[in-house]
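Below: the structure, in structure tokens.
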Amino acid sequence: MVLPYARLGVNIDHVATIRNARGGAWPDPARAAKAARDAGADGITIHLREDRRHIRDGDLEAVSGAMSLPINLEMATTDEMLKIAMDFKPHAVCLVPEKREERTTEGGLDVARLHNVVSPFVRDLSENGSRVSLFIEPDIVQVAVAEAIGAPVVELHTGKYVEHVIAGEEKEAALELDRLKLAASEGKRRGIEVHAGHGLTYDTIKPVAQIPEIAEFNIGHFLVGEAIFVGLEAAVRHMRDLIDEARSE
Ligand code: PXP
């Protein structure tokens with residue numbers, strides 16, 4: 001069965017991580033965004049963290065001004081980030097949980113518990129013209145709450161699925177994949193656009209790319225790592241091909 005095209009958003013945060021390791025100007029995230037575009041990316045994702053450990057404020061305009069792909073800004077639900085996003089007006093905003101001490105976004109935003117906090121962000125950012133998504137665990141309750149607070153998009157956290165695959169835990173990986181499938185179909189049933197991402201690699205993309213309701217994947221760290229060996233364009237192109245192949249099988 002041929003599934004509808006799924007967009008690929010390339011997260012370039014870790015190009016900035018490498019740049020910041022020396023505090024200079026390269027590698028340049030704006031150049032990475034252009035390379036990703038040339039290789040078939042449909043969008044560029046950047047996460048402005050409270051501690052600015054990778055993307056910095058000046059990168060927002062630099063990256064969006066360098067190419068015309070839509071920008072998906074990942075951000076925590078803080079007043080500081082809200083102000084920045086309201087001024088920047090990105091095509092999309094993905095609200096994520098953020099802990100200062102974590103190495104990466106460890107889990108989904110618990111919207112069932114935090115709906116009172118999240119809801120005004122969804123409203124204000126939507127009214128400001130950004131398409132808001134909520135980064136959540138693949139859980140049908142979280143999807144239901146996302147709909148209740150008016151989020152047009154959810155992004156399902158694929159991190160646990162990837163970890164189980166990498167650890168060779170087949171049963172747990174299959175269970176997590178089922179959770180992703182269930183949450184994706186629940187999203188579709190409720191009229192919410194479903195995205196997915198976190199930790200995805202060449203070896204783990206296929207089963208998730210075959211979930212028909214997923215309209216977009218956001219992938220970063222693995223692609224930037226691969227770029228060291230084959231270049232960013234080749235890495236993005238290969239991921240693009242794997243998604244297309246999985247959806248046309
Ligand atoms: N989606 C969201 C919401 C994220 O926070 C991240 C990590 O910044 C990603 C996707 C991409 O994850 P990775 O860099 O592991 O591919």
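Worth saying up front: this structure is predicted, and the values here are computed from it rather than measured. Just follow the structure's listing: the first ligand is 1, and inside any ligand the first atom is 1.
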The one among E155, H195, H47 that brings a heavy atom closest to atom 1 (N) of ligand 1: E155

Shortest heavy-atom approach to atom 2 (C) of ligand 1 - which of H221, H198, R49, E74: E74

G199 N/O to ligand 1 N/O under 3.5 Å: yes

Any N/O pair H14/ligand 1 closer than 3.5 Å: no

Step-by-step side chain to side chain contact (heavy atoms under 4.5 Å, CB included) determination, M75 to V96: CA-CA 6 Å; M75 56 171 254; V96 302; 5.9 Å; no

Pair N72, E74: side-chain N/O donor-acceptor within cut-off below 3.5 Å: no

Modelled atom types, side-chain donor and acceptor of N11 and T45, under 3.5 Å: no

Using a 4.0 Å cut-off to any heavy atom of [X], which atoms of ligand 1 qualify?
{"X": "I219", "answer": "16 (O)"}
{"X": "N218", "answer": "10 (C), 11 (C)"}
{"X": "G220", "answer": "13 (P), 14 (O), 16 (O)"}
{"X": "V96", "answer": "3 (C)"}
{"X": "N11", "answer": "7 (C), 8 (O)"}

Under-4.0 Å heavy-atom contact with ligand 1, by part of H157 that carries it: neither

N-O pairing of K188 and E213 below 4.0 Å: no

Ion pair check, R237 and D38, cut-off under 4.0 Å: no

Pairs where residues 159-196 contributes a residue and the test ring pair (Phe, Tyr, Trp, His ring centres under 6.0 Å) is met, not counting sequence neighbours: none

Trace of the salt bridge (Lys or Arg N to Asp or Glu O under 4.0 Å) decision for D42 with R37: CA-CA 7 Å; D42 301 285; R37 171 204 61 195; over 6 Å; no

